[in-house]
Amino acid sequence: MNITFPDGSVRVYEDGQSALDIAAGISQRLAKSTLICELDGESADAFRPLQGDHALKLLTWEDDGGRWGYRHTASHMLAQAVKRLFPGTVLAIGPAIENGFYYDFDRADPFSPDDFAAIEAEMERISKEDLPLERFEMPREEAIAYMRENNEPYKVELIQDLPEDSVISFYKQGDFVDLCAGPHVKSTGVVKNVKLMSLAGAYWRGSEKNKMLQRIYGTAFEKKADLDEYLFRMEEAKKRDHRRLGRELDLFDIHDEGPGFPFFYPKGMTVRNKLEDFWRQQHEIRDYQEIKTPIILNRDLWLQSGHWDHYKNNMYFTVIDEMDYAVKPMNCPGAILTYTRKNYSYRDLPERLAELGLVHRHELSGALHGLMRVRCFTQDDAHLFITPDQVLDELCGVIEKCKYFYSTFGFKYRVELSTRPENSMGTEEQWEMATDALRKALERSEISFKINEGDGAFYGPKIDFHLEDAIGRSWQCGTIQLDFQMPERFDLAYVGADNEKHRPVMIHTTALGSIERFIAILTEHYAGAFPAWVAPVQVVVMTITDRVNGDAKAIFEKLRAVGMRAELDMRNEKIGFKIREAQVQKIPYMLVIGDKEVEGGVVAVRSRKEGDIGAMSLDAFMEKLQKEVQEKI
RNA sequence: GCUGAUGUAGCUCAGUCGGUAGAGCACCUCAUUGGUAAUGAGGAGGUAGGCAGUUCGAAUCUGCUCAUCAGCUCCA
């Protein structure tokens with residue numbers, strides 16, 4: 001048989017050789033590191049004998065596919081261990097995932113983290129037993145009967161969902177058999193360095209209508225050192241958690257008295273205000289007008305907007321003078337009412353209305369998560385009212401705006417284009433037009449994106465920008481939605497050059513998303529060490545002896561006079577103590593003032609990042625800080 | 001909302017078999033005036049998330065409830 005390698009070279013092998021045999025023919029080391037392979041572009045077992053001509057790529061731990069195969073085998077070993085230790089446990093599914101694997105089980109008695117040690121030990125035993133993985137296939141009906149016999153109803157259900165004529169594959173390792181498409185590594189002895197991470201509930205097939213199963217998450221690495229490093233990194237990442245930093249740095253918190261309703265303390269408020277200043281400046285540059293619309297508006301408005309029908313389970317309501325009102329979950333109706341205040345000419349468009357709008361949404365209690373997921377938050381919202389032929393340019397404009405914000409902070413992000421959901425308003429044609437416009441705008445802006453079918457808003461398709469938090473969970477921040485529905489519902493119009501009434505198009509967009517969420521991500525991104533332009537305190541003036549209190553106070557006042565966020569530490573403490581405290585608080589600069597400095601007419605500057613950077617005149621320091629603030633570094 | 005876990009001073013945590021709570025940091029007082037990540041000594045501070053129950057007696061056991069954490073579902 002002819003085997004074509006990734007570099008294009010072709011070599012001839014005898015039929016019946018496996019990818020592992022071929023690897024061994026190249027080098028023992030390659031054979032040892034080969035986990036699975038890619039056969040004619042499809043991932044496949046490396047241990048199975050090959051027949052006929054193929055394109056072959058050997059996959060090792062360095063390849064995504066290799067890691068996937070390794071961890072998928074680990075998930076089977078987890079299931080095997082659980083079956084041995086807890087007979088009667090019913091299996092659901094167990095895939096490899098980013099950074100690990102999981103397996104879902106159905107068992108009357110819940111697992112506890114205390115069981116992990118025993119399960120891990122059993123998995124290690126299975127690894128030591130070095131059981132070869134074997135693949136076998138049977139016709140669908142036979143497979144269903146086989147799994148019925150084994151009392152695996154979830155597996156039966158999975159097979160029943162496959163096409164009538166399909167051939168079903170299984171993998172066997174010792175006493176354990178699982179329905180599986182594969183591929184797997186050659187034997188359980190390959191998989192080492194397994195760690196069970198956590199236990200959680202998960203609905204069968206991801207639907208809350210189904211039974212909740214018990215999911216065990218784990219991870220596995222080829223090298224022990226890599227596992228240790230991963231575990232260490234996870235621990236380090238936890239130190240960056242914004243909920244922890246919010247308390248430690250006295251920025252913000254959430255009290256039991258208001259689940260999902262965050263408090264911003266003075267220092268957190270500074271970060272927030274600086275961010276909002278930046279937001280205002282950037283919107284002014286881009287020709288937006290700022291508005292502020294009410295938090296509570298009457299029932300009729302929400303009926304007209306469609307929110308009442310589509311969103312009422314997530315809304316808060318109140319009664320005023322025996323009339324129903326709703327607390328706004330979105331700002332659009334407010335912006336729309338603003339638009340209706342006058343007659344617009346085509347010459348007035350685009351009309352870009354921006355609003356830092358406080359919205360309230362009743363999120364499920366289990367969904368709340370620090371500042372990332374709250375029940376009241378401020379959207380940096382903008383609504384653009386435009387003519388149909390302005391759509392593409394304006395979409396590109398808002399994309400540019402989002403990109404500008406993220407690049408200012410050095411965020412990496414992922415972009416998704418979400419299409420028409422079920423239960424949405426409007427015609428198929430409108431949706432197609434809108435979705436197409438968004439796609440064109442992304443392409444013109446040279447942004448790569450993923451399609452997210454059926455995940456759009458009820459009034460239109462959307463582009464979402466997702467940012468990652470400290471431990472790799474991703475959160476939607478910016479969004480751009482193209483909307484033909486609201487203008488229709490509210491009978492919005494502008495007068496065209498032809499003196500006729502025309503329907504404007506709306507773009508709903510946020511760049512930061514929610515100020516609260518953005519601050520959470522910002523806090524984790526910088527691990528609390530905010531750059532000087534947003535830092536709650538930029539500089540602390542600290543004294544070594546109270547002989548210099550007067551001079552220190554004068555320096556402090558000069559800093560304050562030019563608007564620098566300075567603090568004065570004249571406490572009766574050693575300088576090391578004061579420095580430590582300022583470092584822990586991650587304050588960008590410390591000015592150490594003692595007899596020497598007073599004599600020399602200088603300040604001794606310590607940078608949070610670089611330590612002692614020497615003495616300089618106060619003016620020189622102020623210039624340095626000023627520059628940092630302006631350049632946002 | 002669902003599954004599991006957790007809930008002790010402002011914060012981080014300890015507390016063996018149920019016998020009415022302890023540390024470090026922070027806070028206050030005093031001494032110390034010290035040169036780039038913690039000076040020393042002393043003091044104050046909690047009825048153990050809440051409500052019921054079992055018990056002679058509960059932070060420790062049981063039930064309910066609230067909140068938090070992890071994940072699922074949902075979502076900016």
Side-chain angles (χ1 to χ4, degrees), chain A residues 102 104 110-114 197-217 238 241 243-244 247-248 250 253-260 311 313-314 329-331 357 359 361-381 455 457 462 464-467 471 473 475-479 481 508 510-518 520-521 542-549 570-585 590-597 604-608 611-614:
Chain A
Y102 67 78
D104 286 346
F111 293 114
S112 118
D114 299 337
M197 304 293 288
S198 63
L199 192 60
Y203 297 108
W204 166 238
R205 307 202 119 179
S207 166
E208 60 184 328
K209 293 189 185 74
N210 292 337
K211 184 168 185 184
M212 180 155 279
L213 308 171
Q214 296 176 62
R215 177 172 298 177
I216 296 179
Y217 283 93
K238 280 186 197 155
D241 190 307
R243 291 166 297 187
R244 178 178 174 148
R247 258 195 296 278
E248 284 174 1
D250 201 23
D253 204 358
I254 295 178
H255 296 256
D256 283 1
E257 288 80 352
Y311 210 74
N313 290 339
N314 289 302
M330 290 178 191
N331 302 301
V359 298
R361 300 180 183 178
H362 183 73
E363 300 295 344
L364 294 176
S365 58
L368 301 178
H369 184 97
L371 252 45
M372 296 283 193
R373 189 79 179 272
V374 289
R375 285 180 173 151
C376 79
F377 57 100
T378 305
Q379 286 182 306
D380 67 316
D381 224 334
D455 212 30
K462 57 177 186 169
D464 291 325
F465 294 81
H466 296 258
L467 304 186
I471 61 170
R473 289 182 284 217
W475 299 90
Q476 184 181 318
C477 287
T479 180
Q481 307 169 356
H508 308 242
T510 66
L512 309 178
S514 123
I515 301 280
E516 288 75 5
R517 177 177 288 182
F518 198 81
I521 291 180
M542 46 183 70
T543 54
I544 290 177
T545 156
D546 55 19
R547 285 190 298 279
V548 300
N549 281 0
M570 299 197 299
R571 288 174 306 168
N572 178 12
E573 296 289 351
K574 288 190 165 177
I575 198 66
F577 179 85
K578 295 183 185 182
I579 285 171
R580 182 189 143 78
E581 210 159 81
Q583 285 287 153
V584 168
Q585 286 295 307
M590 290 148 250
L591 300 185
V592 178
I593 311 298
D595 292 327
K596 273 195 298 195
E597 287 70 28
V605 182
R606 183 190 163 95
S607 138
R608 160 183 73 193
D612 190 353
I613 55 174

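The structure displayed is predicted, hence computed values, not measured ones. Each chain gets a letter, A, B and so on, in the order the sequences are listed, and its residues count up from 1.
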Please encode protein proximity along nucleotides 35-41 of chain B as a string of B, S and -, counting only heavy-atom distances under 4.0 Å.
BBBBB--
Who are the salt bridge (charged side-chain N to carboxylate O under 4.0 Å, His left out) partners of A:Arg375, not counting sequence neighbours?
none
One character per nucleotide, please: for nucleotides 10-16 of chain B, 5' to 3', B when the base has a protein heavy atom closer than 4.0 Å, S when only the sugar-phosphate does, - otherwise.
--S----
Please state the P separation for the pair B:U39 and B:A58 - nearest whole angstrom.
44 Å
Check RNA chain B for consecutive Watson-Crick or G-U pairs with both distances under 3.5 Å and list the runs of at least three as stems.
B:1-7 with B:66-72, B:10-13 with B:22-25, B:27-31 with B:39-43, B:49-53 with B:61-65
Under 3.5 Å, side chain of A:Arg373 to main-chain N/O of A:Leu368, donor-acceptor pair present?
no
Flag, side chain of A:Gln379 to backbone of A:Leu512, donor-acceptor distance under 3.5 Å
no
Whole-Å C1' distance, B:C66 and B:C27
30 Å
In this structure, how many angstroms lie between the C1' atom of B:G4 and the CD atom of A:Gln214, rounded?
8 Å
Could you tell me whether a side-chain N or O of A:Arg243 sits under 3.5 Å from a main-chain N or O of A:His369, the two making a donor and an acceptor?
no
Work out how far the P atom of B:C51 is from that of B:A59, and round it to whole angstrom.
12 Å
Is a side-chain donor or acceptor of A:Asp612 paired with a backbone partner of A:Arg606 at a separation under 3.5 angstrom?
no
Is any side-chain heavy atom of A:Glu597 closer than 4.5 Å to one of A:Val548?
no
Could you tell me if the side chain of A:Lys578 sits less than 4.5 Å from the side chain of A:Thr543, heavy atoms only?
yes
With distance as the sole test, does A:Arg361 use its side chain to make a donor-acceptor pair with the main-chain N or O of A:Asn314 at under 3.5 Å?
no
Given the P atoms of B:U60 and B:U16, what is the spacing between them in whole Å?
12 Å
Check whether any side-chain heavy atom of A:Thr378 sits under 4.5 Å from a side-chain heavy atom of A:Glu516, and report yes or no.
yes
Answer yes or no: is there a side-chain heavy-atom contact under 4.5 Å between A:Arg571 and A:Met542?
no
Mind checking what makes salt bridge (charged side-chain N to carboxylate O under 4.0 Å, His left out) contact with A:Lys238, not counting sequence neighbours?
A:Glu235
Pick the P atom in B:A5 and in B:A76, then give their distance to the nearest Å.
32 Å
In B/S/- notation, 5' to 3', how is nucleotides 68-76 of chain B contacted by protein heavy atoms closer than 4.0 Å?
SSSBBBBBB
Write down the distance separating the P atoms in B:C64 and B:G1, rounded off to the nearest Å.
15 Å
C1' atoms of B:A9 and B:A48, separation to the nearest Å:
10 Å
Let me see the working for A:Phe377 and A:Val359 under side chain to side chain contact (heavy atoms under 4.5 Å, CB included), right down to the final yes or no.
CA-CA 6 Å; A:Phe377 57 100; A:Val359 298; 3.7 Å; yes
Distance-only side-chain donor-acceptor flag, A:Asp381 / A:Thr510, under 3.5 Å:
no
Going by side chain to side chain contact (heavy atoms under 4.5 Å, CB included), A:Thr479 matches just one of A:His466, A:His508, A:Lys462. Which one?
A:Lys462
Euclidean distance for P, B:G43 against B:U36 (whole angstrom)
33 Å
